[in-house]
Structures are given as C-alpha cells and as structure tokens.
Number of protein chains: 2
Amino acid sequence: MATIHDVALAAGVSKTTVSRYLNNRIELPAATSARIDAAIAKHDYRPNLLARRLSTGKTDAIGLVVPEIREPFFAELASAVEDEADRHGYTIFISSTRSDRGREIASLNRLRDHHVDGLIMLTNTPDDGSLAAEIGKRRNVVLLDEDIPGVKVPRVFVENTEGARRATQHLIARGHRAIAFLGGPLGLFTSEERFAGYAAALREAGLGVEGQHLHRGSFSPDLAEQAVVAMAAARTPPTALFASSDYLAIGAMRGLRRAGVAVPRDMSLVSFDDTPLGAMLTPALTAIQQPIEALGRHGFQALYALMQRKPAPKLTRLPVTLIERESVASPRARGRL
Amino acid sequence: MATIHDVALAAGVSKTTVSRYLNNRIELPAATSARIDAAIAKHDYRPNLLARRLSTGKTDAIGLVVPEIREPFFAELASAVEDEADRHGYTIFISSTRSDRGREIASLNRLRDHHVDGLIMLTNTPDDGSLAAEIGKRRNVVLLDEDIPGVKVPRVFVENTEGARRATQHLIARGHRAIAFLGGPLGLFTSEERFAGYAAALREAGLGVEGQHLHRGSFSPDLAEQAVVAMAAARTPPTALFASSDYLAIGAMRGLRRAGVAVPRDMSLVSFDDTPLGAMLTPALTAIQQPIEALGRHGFQALYALMQRKPAPKLTRLPVTLIERESVASPRARGRL
DNA sequence: CCCAGTTAGTAAACCGGTTTACAGAGCCAA
DNA sequence: TTGGCTCTGTAAACCGGTTTACTAACTGGG
C-alpha cells in the first residue's frame, strides 16, 4: 500500500506538508493542494491507522463492558452506545464478561494498554473492592446503569427507586394489597434501589413489607421461576408481583404458567426495563421503561467529555416511565382484604 | 509510562534483548532474564500495543459485522464468536449495521485501514454487487450464516434446506395438510433455501405448494403479524405454519393471538433458529435449532486459518436439529381432508 | 595454539505517520 | 536598502516497539 511518503514524492512536496494538509493544519495554495489530491487519488492512498495511532496516542475507539451481550437489555444498550459513538467518530469494542471478574479487569487492562481511549463499564456482580481499586488507577472510565461502591468516576443511572415506587403504586392503585417483590442480588446498587422504591410505596400506602413476599438474590430467570412456583403454592399467595427486571419477569411468567396461575386474572405483574421482549410476551408486560437510548447517549457523552479533558457531570439520573400493557388487572374478589 | 528503553537501561541490556526475551525469540541465561524481569516489575512495564501493532502490522483483533445486535440470534452468535476469538487471543469489534450498506462498507474499510486483521461478515440485505465487489478487494474475510452471491471467500452456513424440510415433515407427520410458509426477503440465500426445503417436503408428501399459503418478503415480525391475521381470516385457513425465523414466529404468535387462534390447538407452529426467546414464549416454540456455538466457532476458525495464511475450508455446512416443544399438535377434525 | 562453533548479546533500520522548530522567498513600509 | 512580516513550506525528531544483520567473547576439539 502507498504511504504518505509516496504521495509526497508524487506531489513534489514533503510528507510534513501532506500530513498537515490532510489534518487541516495548514492552508495551501490551490495549485499545491490540487497536486496533493491528485497524488492521493493516483496512489489510492489511505493513511495507516496503526501509524497514526502510535503518533497521536489515540485510538478513536472506546470499550463497552457488559455482563452478557445476549441479554436484550444489554444488547439494546450496546446498540445505543454504538450509535452515539458513531456520531462522534468513535468505534466501540463490546466486551461481554459473563460477570467474570477476570474479564472485567482484562477490559481495564486494554484501556491501560492503549487498546481503547476510554471505557464505559457496566457490571452487575458485587465488588469486593478489587474492581474499584483497578478503576481508580485509570482515567477515562464511566459507570453506566450500575454503581460500583467507592469509585469516583462519572456515573449515569436511572431513577431506580422512583421507578420501583411508581410500579408498586400502580399495583396498589388497582387495589392490590399483597404485592410480592422479585429482586436481584443483595448488595447490588440497582437491586437495593429498586427494593427501596418498592418498600417506600408500600409504606406510604400504609402496607407492610412482608418477608414471605420477598424473593431476592439473583437476576436469573430460572431462580425466579422456582420462587414464583413456591409463592403460588403458599397459603396466602400475593395477588401481584413486581419484578426488578424483564428477565426476572420472564422467569416469573414461566413459573406462573407452570403453577396454573393466569396473568393478569389471578396475578398482576409489573416489570422493570421494558425491553422489546416484554412487549412480545403473552400477555405483554406492563413495565417501568428504562430510557435505553438516553442511557447510551449520556454514557458516551460523559466519557467523551472526560476524553477531551473537559468536566463531565459526576452523576446523571435519567427518569423512567410506566408503560401500561396487559399484565395488570384488579385482584379478583376472594374474600381477602 | 515506562517504555522498553527504560527497562533495557535498568536491566543493563539493549532493548533488542528485552523485546526478544518478551517474545520468546531468544534464550537468555537465568541471571540476565532475572534482571530483565526485575526491571519490568520495578517499572511496572507494559508493552505499548500501538507501537507493537505498527511494527508487526497486526492488531490481534477481528471485526464481526451483523445486521442488528439487538436481535437475539445475532447477539447469541456474537457471543459465540467472541468466546472462540478469546480462546485464540483475539478481541472482536462488533459492528451492528442496521442493514445499512454504508455501514457494511465502512466495516470493510476498517479492515483495509488495519483496524482489524480480519472480518466475519453477516448481512441479510440482498446485494446489488457493490458489497461483493468491495469484499473481493480484501483478504481475510469470512461469510457466516448468510451468503453474498459472487463472493469467493470461505463461508460457513447451516443446513437451511434440510432444516426447513424436516420442520415441514414434522408437521406433515402430525397430520397437517395445509401448511403455510412465512419467509424472509426474496432472493436472500437463507430465505430461498428454507423455502426450497419447505417446498421439497410438501412435494415428497404429494402435497402442492399453494400460493395462498405463502407469505414471503421480509424478516420483520410486524409484517408477519399482519400476514398471519389475514391468513387466519381466509376461507380455508391453514392448520399449521412454518416460520423461517424465531423473530417471524414471534410476530406470528402475536397475530394469532389477535385473531383468537390458539396455538397449538387451532394452529401448529414450527420456527427456525431456536433462540432462548422461543423457549420463553407461551407456548414454547418447537423449532429447528441452529447450532449457534458451532457457527461462531467454525466462523472464527475459518478466519483464523486465513489470517495464518493456511488453507481454510471453502464451504462448511453445519447440521440442524428439530427441538420439540409445545407449539405443535395434530389438526382438529373440521371435516377437512 | 588455532579454528570452528556456540553463546549472548547489540546497533541500526524499520513500521508510517505527526509535530516541532526553523527557513527561504517575496513583499511592503520606513 | 533594510528590517520585519507573511506565505509556503521543510528537515528531523518522535511515538515505542520489532527485526535484521552482525559481532565479541567464550568453549571445545584437533
């Protein structure tokens, strides 16, 4: 392939001139620039990115670290980040860690090793401090959607607490009094916030948080399925269920079907996320919608600011919306309060 | 950050020695290598990837081009390719093109510009020849799952025809005679193969392919939904349906629900892909399973061979499997043959 | 004792750009 | 005519590795 040297030779100028011309760092007389353009066209010259990167120390690429690209929520988010990055001339590396700490740290190492200029990080495994320590050593990192305690980098989250509160209020407004909670891992930021919102709504309505209605510990749909089956078999089963994610809701739906409980007739269900998946189920899920596009956009923009050495907002909170579909009804009269 | 020069200085050797030692191109006495190791540890030295890449001309990264990362089939495939790439020390760039020809060509340009060492390409928009021409100019390209006519690079496909045939035979064996076909874009490789398999099964059973039962033209679930609603309203509706992809099947399920047709009681359904999505629906979809792991693995391995300048298999065909779930039953007696 | 072969390295070129520091030519004003 | 300024560039250093081609020192055999 032709190099900048060949072009310079053909145009009768130095390679400095060609380089500066291509990067708009010099004004040239029309005759000179025409000669350069012609030489470029003749040799079909394209700058070697590898060389440029070594010179500038920039890669024009960022990394996006997610726990599992196969989960629709993360895939949607990746798509949103990619769109915004594209708009700014950046390409993205997507790293699907399978929640493996080693792979998360490997991503951070790629940042250190100039694989990428910045990193948008999303992890849903509780940190023992090692990840936070590693992040502390790097610059140009942004946390998205999920917090890591003790990390001082820009963070972009949604209104988890408010969303869960509104979901629960929606069920209460329909007349439900026994509302179960299906949550993610204990100690995980979004998990805790969503639980707090659920509890707040109950409290505000004068209802108590009952241990028998709480099922927390994991985002796995299979565990959710089991939990729901057990719940349905209880002496006083709940009439409604708030699931902290669409993936959990899917497990719950399977469990309810197995237990012969009809949604929404015998059990109302509100979920959190609102991925396209939820709309495709039968019945379509009423859910708290996360603004995925906005999450991706704000996440990238915060990182972009960091990379430009400009101030980035320390904490962004994006609002959520209740989307009503078909999975909520009033409880059937059963002689219960 | 420390450079190889600093390490060489500290260890009292030349940077050539350090470089060769690190790349296992030299045997050193224990004393020398210990000094180098100590110098590396002391300076916390990490080779600058950008510099190495410029020197070697390799990036140890490959690109994966898919139409839409949000569709579960592609997300699963991306995950499989990433796993295999990881095993060989490669990282991957995922590019979600939204079926935009410009973005597909941009990916090919990234290959030319040394962004990546190779490219695994998957496109589901019929080509007017421009993409094929562009691919012809590059080396280290592999086609996965979907063909582009006129391209002479290694290709890895599944047994589309055989899969569709078996799906259709499965319905015929259950007693169905009026079996509709829901297909993707005309002229698209997988689309045509799956249609051929469907038609072959009917022919072999002495049944005809009836125009009124064919709905082809797109992989969009929304169009599938409309088509199915229209179909259900026909004078002599089919009793079974073969959908060429899970995404189409989801649209079909929505349409059937809207039309008040119960699956599988009033309509049996077999799909193609078998993404986790299909197993989560109600009823769970009986489907032809694509071997996604194997697709990813063979796709990467073919590319790996190319990159090593070794011969790569020109065409790999992977077998598919019928997975029986809940969406197929025998047709109800209705006085029809 | 001398030569060949091995051991343990090294100097310098190279990858292909970007950037800094500088300079000749031409022109204008004093 | 001379000093200064603008225009149009350039030479050379630099980014940080890898690789080629070469050599000094040592060892062992004849």
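In what follows, chains carry the letters A, B, and so on, assigned in the order in which the sequence lines appear, proteins first and then strands, with residues in each chain numbered from 1.
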B:Arg20 atom CZ is separated from D:dC22 atom P, nearest whole Å, by 14 Å

On DNA chain C, does the nearest nucleotide to A:Pro47 precede the nearest nucleotide to B:Leu28 from the 5' side, or the other way round? Give the residue. B:Leu28

Contact class for A:Ser19 vs. all strands (heavy atom < 4.0 Å): base, sugar-phosphate, or nothing? base

Whole Å only: how far is the CD1 atom of A:Ile4 from the P atom of C:dT19? 11 Å

Rounded to whole Å, please give me the gap between CG in A:Leu9 and C1' in D:dG9. 16 Å

Hey, is the side chain of A:Asn23 poking within less than 4.0 Å of OP1 or OP2 on C:dT18, counting only N and O atoms? yes

Rounded to the Å, how far apart are B:Met1 CE and D:dG17 C1'? 12 Å

Under 4.0 angstrom, heavy atoms only, what part of the nucleic acid is A:Tyr21 near: base, sugar-phosphate, or nothing? nothing

Within the modelled atom types, does a donor on one side and an acceptor on the other bring the side chain of B:Thr16 and the base of D:dT19 under 3.5 Å apart? yes

Kindly determine whether B:Thr16 and B:Ser19 satisfy side chain to side chain donor-acceptor pair (under 3.5 Å), including the steps that lead there. CA-CA 5 Å; B:Thr16 308; B:Ser19 171; over 6 Å; no

C:dG17, D:dG16, C:dT10: which one has an atom nearest the side-chain heavy atoms of B:Asn48? D:dG16

Using the ring of each side chain (for Trp, its six-membered ring), is B:Phe93 parallel, tilted or perpendicular to B:His115, with breaks at 30° and 60°? perpendicular

By nearest atom, which of the nucleotides D:dG17, C:dT10, C:dG17 is closest to the A:Tyr45 side chain? C:dG17

Whole angstrom is fine here: how far is it from CG in B:Leu22 over to P in D:dG16? 16 Å

Heavy atoms only, 4.0 Å cut-off, all strands: where does A:Arg25 land among base, sugar-phosphate and nothing? sugar-phosphate

Can you identify which nucleotide, out of C:dA11, D:dT18, D:dT10, has its nearest atom closest to the A:Val13 side chain? D:dT10

Determine, stepwise, if the pair B:Arg53 / B:Asp60 fulfils salt bridge (Lys or Arg N to Asp or Glu O under 4.0 Å). CA-CA 9 Å; B:Arg53 286 175 183 173; B:Asp60 294 325; over 6 Å; no

Can you tell me which nucleotide in C:dG16, D:dG17, C:dA8 comes closest to the side chain of A:Ser55? C:dG16

Can you check whether any acceptor in the base of D:dG17 is under 3.5 Å from a donor in the side chain of B:Lys15, or vice versa? yes

For A:Leu50 and D:dG16, what is the distance between atoms CG and P respectively, to the nearest whole Å? 15 Å

Side chains of B:Arg103 and B:Ser95, donor plus acceptor under 3.5 Å: no

Begin from the C-alpha positions of B:Asn124 and B:Ser99 and carry the test side chain to side chain donor-acceptor pair (under 3.5 Å) through to its verdict. CA-CA 7 Å; B:Asn124 62 8; B:Ser99 298; 3.2 Å; yes

Any idea which of C:dG16, C:dG17, C:dA11 is nearest the A:Leu54 side chain? C:dG16

Can A:Arg98 and B:Asp83 be counted as an ion pair, charged N to O under 4.0 angstrom? yes

Under 4.0 Å, counting only non-hydrogen atoms across every strand here, what does A:Thr17 touch: a base, just sugar-phosphate, or nothing? base

Separation of C:dC15 C1' from A:Asp6 CG (nearest whole Å): 14 Å

If you check the A:Ser14 side chain, which of D:dT10, D:dG9, C:dA8 turns out closest? D:dT10

How many Å lie between CD1 on B:Ile26 and C1' on C:dT7, as a whole number? 10 Å

